[in-house]
Amino acid sequence: MGSAVLPVRICLGFFVFLILAQLADAESRPTDMKPAQIGKSYSGSIDKNIEEVYAFNYTSTPGKVDALRVSVRSNSDDLEFPVLFVVRQQKGVLSWQVPLVFRGYYQRTYTYQDVSRTLCPIDPEHQTPTSQQFMYIDIASMAPTRVQYELIVRRLANFELQTDVPQNFSASPSQPQYFLYSFPEGVDSVIIKVKSAETYPCTVVSVQDIKCPVYDLDHNVEFNGVYQSMTKKAAITVQRKDFPAGQFYTVFVIKPEDYTCGGSVPMSTIGIGNHTWNLKRVKHMEVTITPAINDSVYVHATLLCLLFFLIFYLGAFVVLFIHHVRMQKKGLNINGSPEEGEGTVAASHPISTSTPEGSSYGAIDESRQSKKKSVPPIPRPRVYSDSSVDEESDFDGIPEMEGDKNVIQAKTLLYVSDLSIKDRRTISKKYRIYFWNIVTIAVFYALPVVQLVITYQTVVNVTGNQDICYYNFLCAHPLGVLSAFNNILSNLGHVLLGFLFLLIVLYRDLQHRSLLEVNDFYALEFGIPKHFGLFYTMGMALTTEGLLSACYHVCPNYSNFQFDTSFMYMIAGLCMLKLYQTRHPDINASAYAAYASFALVIFLAVLGVVFGKDNWWFWAIFSIIHVVGSLALSTHIYYMGRFRIDFGIFRRIFQIVYTDCMQQCSRPMYMDRMILLIVGNIVNWFFAIFGLVYRPRDFASYLLGIFICNLLLYLAFYIIMKLRSSEKIRPLPLFCILATAGVWAAALYFFFQNLSSWEESPAQSREKNRECILMHFFDDHDIWHFLSATAMFFSFLVLLTLDDDLDDVRRDKIPVF
């Protein structure tokens, strides 16, 4: 027994020795436990041998959130021996040091000697009727000399935010603020709106769940919840389903520098070695939490959107029905009885494809009789190829035709009959290539776009970083995983109206085919040659633009801007091609050349956004390309494709200018075309000079403006020349022209109401955010989507119906311009 007790005694003696050693160490570093009261200021001094502890004892009220805020100050600026503050509560510990150190973007160090922190409040639901709370604040430092400090603990009176009640407060990098909000009964979604009269300092607004600790410092505010940077405005939509407890904290953290918000490193900092002293950065803000829209607003807005565009379907159906009835009556009045066989070319007397000597070249022996009056023959050449229409190489397969073509196109006054010589089937096949190419492009373009925007939205939802996407946060209504459903819904008009235009074109195409099947003389030899391939392409482009614009607005930002603009360039280009093809059906650009040009434009748009902000050399190169391209295209248009575009084009241009302008100053052969091209070049040179001088930040919109101005200029020229040629504009195209002008004017007004800008920082972009203006659901940009879709639809109808008055005019009487 004696031998067993000895080891136990040795162990007990060792533990007693350790306890005595700890007591001796405690006596060498005295700790003063001081009772303290909330609201009273305390001060003292400490060093490596002195540590002080303040004990707070207070009673919390059941059902009420008690939030305490600790404010400390120290005169120590020694980063090697800071003053350490440790706050011990019932369920948590919070600590920090003074001077408080922050590290900026460029590794600059910012120090603060005044620090205020709000303690994580105690959950009132788990309090007993008489809840006695204890809190201890330890103050210590390893400084070799005495360091002064000040301490005060206050109870926050306005810690809980109330619905629709603004609350004003101030914050700084070392004095962050956060407040509690509880969802009222019946409210499932709210919008946190923050505003400040001061642009800087930069602020981060965060929404975090009711958990401790609360991340309220610059280096950890992004660890939890949803957050966004702010200069003057911030808005975050919060849904109850994301916070099971029905409560959340709204945290406000001031950044030590303004780089995150687009600012520069402050010049007011004075560097001392690796450390810098920062002037006091205090921001005054106002926060208001208001209920967001309920589910009924979503339903009503969606129904309104559908109803608005379904009205166009109803209107189109009525117009087509009236047109069909009139065509039926016209057919009965003209054709008379079926036995007479009038109105068609008899199958036993086909159109002559030979050119015997003494006969008119390609003359028509049969004519369509109207009220027993014969139609005179059309003296124009016509060539029909029996080769396969699947090969574009069949164009101008007869060697003699190339010479005939140059003779015909060199005439001073051209008619449509001169430029509609090629086989109709071959030309139609050529224009159908446009449609199938754009379908292929749309599919291969849209699939990676959808994948990318889904990834963007997932990253936003997982990380909570709302600086990734440039929404109008004051009018961004989430639905499911989408953060701004209203911006996506408003693009529905492009899809619906694009599909409607396709149906209208299909109706006209089928109607025209039915006439061709019976060899209707008017369909074959009168009016503008009807090729619907480009119209189908325009309708498909409008539909695709709606889909891609919706994808872009899932998460609009600097990286995916081209999703929203690429097909806008293509639509403008296709409209110009269609306008030119109307009276030049045989010499329009091939689909491959056209899409290659569009690809070059999109490539330049990407380069402009990436490199065009401050690089004068990019603008110089782009301006040269713009001017040279305008001259080359103008020459090609003036000579209607007979002026080859190659490396010798500029030598030939110089020879023509020298011969026609310097030596003899002869009058231009095609005066009307020359006037159009001169005005067009002046406009394009103006754009080039404007871009070179001012270098606009939004290069994508600048480039789109060039396309739109050229399209409008060409359309105006076409209409003026049409009226000069004594042609009429029927009521339907006249209505479409007036509607196009009015709707485009309204659409552009809303387009220039900039609500965000990915060319700036996210915080600067939010300064442009504004409230919804329609049904508390749609903003100005949504209205732009509605009106631009409508305007493009009317613009397409103008091109489709503008020359309907020529359906009864012989093609050798329709001038080319």
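Since the structure is predicted, the reported quantities are computational estimates derived from the model, not experimental observations.
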Participant: One pair to check against side-chain contact (heavy atoms from CB on, under 4.5 Å): Asn465 and Glu222. What are the steps and the verdict?
Facilitator: CA-CA 8 Å; Asn465 183 6; Glu222 300 174 359; over 6 Å; no

Participant: Test of understanding: with disulfide bond (SG atoms under 2.5 Å apart), list the residues that count as partners of Cys551, not counting sequence neighbours.
Facilitator: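 Counting only residues at least two positions away or on another chain, Cys551 forms no disulfide bond (SG atoms under 2.5 Å apart).
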
Participant: When you look at CZ of Arg69, are more than 12 heavy atoms from neighbouring residues, nucleotides or ligands closer to it than 6.0 Å?
Facilitator: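 Buried by this count: over 12 neighbours within 6.0 Å.
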
Participant: When Tyr178 is tested against each of Phe169, Tyr249, Phe248 for ring-ring contact (aromatic ring centres under 6.0 Å, His included), which residue passes?
Facilitator: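 Exactly one option meets the ring-ring contact (aromatic ring centres under 6.0 Å, His included) with Tyr178, and it is Tyr249.
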
Participant: Decide yes or no on side chain to side chain donor-acceptor pair (under 3.5 Å) for Gln457 and Ser483, but give the supporting numbers first.
Facilitator: CA-CA 8 Å; Gln457 186 67 73; Ser483 299; 2.9 Å; yes

Participant: Restricting to pairs with a member in residues 188-234, which pass disulfide bond (SG atoms under 2.5 Å apart), not counting sequence neighbours?
Facilitator: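 Sorted result for residues 188-234: Cys120-Cys212, Cys202-Cys261.
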
Participant: Scan residues 187-242 for pairs that pass ring pair (Phe, Tyr, Trp, His ring centres under 6.0 Å), counting only residues two or more places apart or in two chains.
Facilitator: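 As it turns out, the ring pair (Phe, Tyr, Trp, His ring centres under 6.0 Å) pairs with a partner in residues 187-242, which skip direct neighbours, are Tyr215-Phe223.
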
Participant: Determine, step by step, whether Ser172 and Arg281 satisfy the side chain to side chain donor-acceptor pair (under 3.5 Å) criterion, reporting the C-alpha distance in whole Å, the side-chain angles of both residues, the deciding distance to 0.1 Å, and the verdict.
Facilitator: CA-CA 6 Å; Ser172 70; Arg281 293 169 57 84; over 6 Å; no

Participant: Taking Gln148's backbone N and O only, do any of them form a donor-acceptor pair with Asn75's side chain (distance below 3.5 Å, no angle check)?
Facilitator: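 Yes; at least one donor-acceptor contact below 3.5 Å.
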
Participant: Look at the side chain of Asn461 and the backbone N and O of Val481, then say whether any donor-acceptor pair between them is shorter than 3.5 Å.
Facilitator: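 At least one qualifying donor-acceptor pair exists.
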
Participant: With Tyr42, which residues qualify under side-chain hydrogen bond (donor to acceptor under 3.5 Å, both in side chains), at least two apart?
Facilitator: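 For Tyr42 there are no side-chain hydrogen bond (donor to acceptor under 3.5 Å, both in side chains) partners, ignoring immediate neighbours.
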
Participant: Just verifying a value: how many Å separate Ile139 CD1 and Tyr54 OH, rounded to the nearest 0.5 Å?
Facilitator: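 The distance works out to 5.0 Å.
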
Participant: Among Val449, Val453, Val460, find the one that has a side-chain contact (heavy atoms from CB on, under 4.5 Å) with Val554.
Facilitator: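 Of all the options given, the one that passes is Val453.
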
Participant: For the atom pair NZ (Lys232) and NZ (Lys283), what is the distance rounded to the nearest 0.5 Å?
Facilitator: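 Result: 9.0 Å between the selected atoms.
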
Participant: Check the pair Glu150, Ser43 against side chain to side chain donor-acceptor pair (under 3.5 Å), reporting the backbone distance first and the verdict last.
Facilitator: CA-CA 4 Å; Glu150 295 178 7; Ser43 61; over 6 Å; no

Participant: Does Asn224 use its side chain to pair, donor to acceptor, with the backbone of Gln208 at less than 3.5 Å?
Facilitator: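 Absent.
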
Participant: Without placing hydrogens or testing angles, list every side-chain donor-acceptor pair under 3.5 Å for residues 184-192, not counting sequence neighbours.
Facilitator:
{"from": "Ser189", "atom 1": "OG", "to": "Val238", "atom 2": "O", "distance (Å)": "3.4"}

Participant: Looking at residues at least two apart in the chain, or sitting in another chain, which of them share a side chain to side chain contact (heavy atoms under 4.5 Å, CB included) with Pro82?
Facilitator: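 Partners of Pro82 by the side chain to side chain contact (heavy atoms under 4.5 Å, CB included) criterion, ordered by chain and then number, come out as Leu84, Gln97, Pro99.
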
Participant: Looking at Glu198, I want to see if its CD is surrounded by more than 12 non-hydrogen atoms of other residues, nucleotides or ligands under 6.0 Å.
Facilitator: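 For Glu198, atom CD is crowded (more than 12 foreign heavy atoms under 6.0 Å).
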
Participant: How many angstroms lie between atom CD of Glu257 and atom CZ of Arg108, to the nearest 0.5 angstrom?
Facilitator: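 Rounded to the nearest 0.5 Å, the CD-CZ separation comes to 7.5 Å.
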
Participant: Before accepting this row, confirm whether a basic side-chain N of the pair Lys768/Asp780 lies closer than 4.0 Å to the acidic partner's carboxylate O.
Facilitator: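 Salt bridge flag = no for Asp780 with Lys768.
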
Participant: Among residues at least two apart in sequence or on other chains, which ones pass side-chain hydrogen bond (donor to acceptor under 3.5 Å, both in side chains) with Gln167?
Facilitator: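 So Gln167 forms no side-chain hydrogen bond (donor to acceptor under 3.5 Å, both in side chains) with any residue.
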
Participant: Could you walk me through whether Asp77 and Thr111 pass the side-chain contact (heavy atoms from CB on, under 4.5 Å) test, one step at a time?
Facilitator: CA-CA 8 Å; Asp77 59 357; Thr111 59; over 6 Å; no

Participant: With sequence neighbours excluded, what pairs up with Phe102 under the ring-ring contact (aromatic ring centres under 6.0 Å, His included) test?
Facilitator: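 Here the qualifying residues are Tyr112.
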
Participant: Going by side-chain hydrogen bond (donor to acceptor under 3.5 Å, both in side chains), name the residues that satisfy it together with Ser196, two or more places apart in sequence or in a different chain.
Facilitator: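 By the side-chain hydrogen bond (donor to acceptor under 3.5 Å, both in side chains) rule, Ser196 matches no residue at all.
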
Participant: Not counting sequence neighbours, which residues clear salt bridge (Lys or Arg N to Asp or Glu O under 4.0 Å) with Lys233? List them please.
Facilitator: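 For Lys233 there are no salt bridge (Lys or Arg N to Asp or Glu O under 4.0 Å) partners, ignoring immediate neighbours.
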
Participant: Filter on disulfide bond (SG atoms under 2.5 Å apart), then keep only pairs touching residues 84-114, sequence neighbours left out; what's left?
Facilitator: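 Applying disulfide bond (SG atoms under 2.5 Å apart) to every pair that reaches into residues 84-114, excluding sequence neighbours, yields nothing.
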
Participant: Between the main-chain N or O of Ser229 and the side-chain N or O of Asp467, is there a donor-acceptor pair closer than 3.5 Å?
Facilitator: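 Checked: pair present.
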
Participant: Could you tell me whether a side-chain N or O of Thr288 sits under 3.5 Å from a main-chain N or O of Lys193, the two making a donor and an acceptor?
Facilitator: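 No, the answer is negative, given that no donor and acceptor are paired below the 3.5 Å cut-off.
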
Participant: Crowded around Gln451 CD? As in, over 12 foreign heavy atoms under 6.0 Å?
Facilitator: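 No.
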
Participant: A side-chain contact here means heavy atoms from C-beta on lying under 4.5 Å apart; do Tyr470 and Ser757 qualify?
Facilitator: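 SC-SC contact between Tyr470 and Ser757 ruled out.
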
Participant: For atom CG of Asn168, decide whether the heavy atoms of other residues, nucleotides or ligands shown that lie under 6.0 angstrom number more than 12.
Facilitator: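 Atom CG in Asn168 is crowded, with more than 12 foreign heavy atoms closer than 6.0 Å.
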
Participant: Counting only N and O atoms by type, is there a donor-acceptor contact under 3.5 Å from the side chain of Arg770 to the main-chain atoms of Asp779?
Facilitator: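 No, Arg770 side chain to Asp779 backbone: no donor-acceptor pair under 3.5 Å.
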
Participant: Which residues pass the side-chain hydrogen bond (donor to acceptor under 3.5 Å, both in side chains) test with Glu767, not counting sequence neighbours?
Facilitator: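 For Glu767 the side-chain hydrogen bond (donor to acceptor under 3.5 Å, both in side chains) partners, ignoring immediate neighbours, are Thr231.
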
Participant: State the CZ-CZ distance between Phe699 and Phe561, to the nearest 0.5 angstrom.
Facilitator: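 Going from CZ on Phe699 over to CZ on Phe561, the span is 9.5 Å.
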
Participant: Between Val70 and Phe85, is the side-chain contact (heavy atoms from CB on, under 4.5 Å) condition met? List the steps.
Facilitator: CA-CA 10 Å; Val70 179; Phe85 293 85; over 6 Å; no

Participant: Is there a donor in the side chain of Ser182 and an acceptor in the side chain of Gln247, or the other way round, less than 3.5 Å apart?
Facilitator: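 Ser182 vs Gln247: donor-acceptor pair found between side chains.
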
